[in-house]
Amino acid sequence: MQEVLERKSIKNIDFNCDLAQSYGVYKNNNEYELLDYVSSVNISAGFHAGDPLTIRESLLKAKEKNLAIGAHIGFNDIQGFGYRPVELKADELETLVVYQVGAIISFAKAYGLSIEHVRPHGAMYKLVSENYDFSKSVANAIKKCSEWLVYYAPIGDITERVADDTGISVAREISLEKTYNANLTVDYSKDDNTNNFELIKRFQHLLHTSQIRNNLNGMSYVEVDTVHFSNKYKNSLDLIKQAKGLITPAPVNYNHAKISGWVD
């Protein structure tokens with residue numbers, strides 16, 4: 001990615017967070033705290049996390065808050081919470097994705113809801129950001145479930161190519177706490193930044209210029225549709241409160257409709 005100097009402000013953006021990041025007696029009691037500040041949620045489908053009761057509770061909480069709902073999919077690795085990569089054949093990956101997305105679609109339908117997007121988790125998220133063929137396979141599997149679903153995928157060239165080649169609607173996602181390489185892949189050798197003062201300054205700069213500082217201390221231009229807010233850090237609630245003070249988030253599909261002229 002070439003450094004871009006011109007300023008291009010961001011007027012519309014989505015905030016998302018994960019839900020049902022629990023299993024059985026293992027509960028994440030902090031995840032619902034973010035629901036007053038996000039515009040969309042990603043509900044774990046039971047492979048890396050999420051059990052039936054937690055999934056139902058998460059759906060009903062999202063319904064209560066009138067939030068856009070998506071499926072949060074990952075590798076079948078509850079012990080490792082989906083952070084360990086799993087080697088799969090093409091048909092195995094397809095069925096893994098279809099099974100999880102289908103579960104959340106059916107769950108949502110039972111409660112008069114529908115899902116709008118799909119977001120990968122953990123090791124799967126890392127792979128879709130680095131491996132074009134893998135990301136394309138995930139996208140095509142999502143399309144088998146519904147051509148209307150939006151693929152929440154990391155910013156960068158791979159996501160852009162997958163969108164062009166498969167025709168899937170994508171939401172380009174950024175995480176404020178991550179360190180990005182110049183090509184907009186995540187530098188996983190760096191720990192997440194949890195300094196809210198620095199993160200809000202970064203977000204302000206992103207909103208004003210559509211640029212983020214990369215690990216070479218330069219600026220990379222980004223097309224971004226959604227910001228992911230993790231609920232695993234103590235600073236998460238304060239961070240998203242400050243972020244919402246800068247811009248009011250709206251779901252990706254609503255923003256697309258607004259830009260297209262369907263919504264005033």
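These numbers come from the heavy atoms of this one structure, side chains and all, not from hydrogens, waters or symmetry mates.
Counting only heavy atoms from C-beta outward, the side chains of Leu67 and Ile69 never approach each other to under 4.5 Å.
Side-chain atoms of Lys136 do not come within 3.5 Å of backbone N or O of Asp165 as any donor-acceptor pair. Side chain of Asn16 to backbone of Val41: no donor-acceptor contact under 3.5 angstrom is found. Side-chain N or O atoms of Arg202 include one that pairs as donor or acceptor with a backbone N or O of Leu176 at under 3.5 Å. Thr209 places no side-chain N or O within 3.5 Å of a backbone atom of Leu206 that could act as its donor or acceptor partner. A donor-acceptor pair under 3.5 Å links the side-chain atoms of Lys63 to the main chain of Tyr111, judged by distance alone. Looking only at distances, no side-chain donor or acceptor of Thr166 sits under 3.5 Å from a matching main-chain atom of Asn140. No donor-acceptor pair closer than 3.5 Å links the side chain of Tyr37 to the backbone N or O of Pro249. A distance-only check finds no donor-acceptor pair linking the side chain of Thr226 to the backbone of Ile174 [under 3.5 Å]. The closest donor-acceptor contact from the side chain of Gln211 to the backbone of His205 lies at 3.5 Å or more, if one exists at all. Here the side chain of Ser137 pairs a donor or acceptor atom with the backbone of Asp133 at under 3.5 angstrom.
Geometrically, Lys8 does not engage Tyr221 in a cation-pi contact defined by less than 6.0 Å to the ring centre and at most 45° from the axis.
Between Tyr152 and His117, the ring planes are parallel. Angles under 30° get that label, and only those over 60° would be called perpendicular.
Around atom OH of Tyr233, more than 12 heavy atoms belonging to other residues, nucleotides or ligands sit under 6.0 Å away. Around CG of Asp191, the count of heavy atoms belonging to other residues, nucleotides or ligands within 6.0 Å does not exceed 12. Within a 6.0 Å radius of CG in Asn66, other residues, nucleotides and ligands contribute 12 heavy atoms or fewer.
The CG atom of Asn12 sits 10.0 Å away from atom CD1 of Ile10, with the distance rounded to the nearest 0.5 Å. Summarising the geometry, atom CD1 belonging to Ile104 is positioned 13.0 Å from atom OG belonging to Ser114; distances are rounded to the nearest 0.5 Å. With values rounded to the nearest 0.5 angstrom, Asn196 atom CG is found 4.5 Å from Leu239 atom CG. The structure places CD of Glu160 at 9.5 Å from CG of Leu184, a figure rounded to the nearest 0.5 Å.
Legend: residues meeting ring pair (Phe, Tyr, Trp, His ring centres under 6.0 Å) with Tyr125, ordered by chain and number and at least two apart, are absent.
For the residue pair Thr159 and Tyr151, no side-chain donor N or O sits within less than 3.5 Å of a side-chain acceptor on the partner. Looking only at atom types and distance, the side chain of Asn255 has no donor-acceptor partner in the side chain of Asp225 under 3.5 Å away. Neither side chain, Asn231 nor Ser236, offers a donor N or O lying under 3.5 Å from an acceptor on the other.
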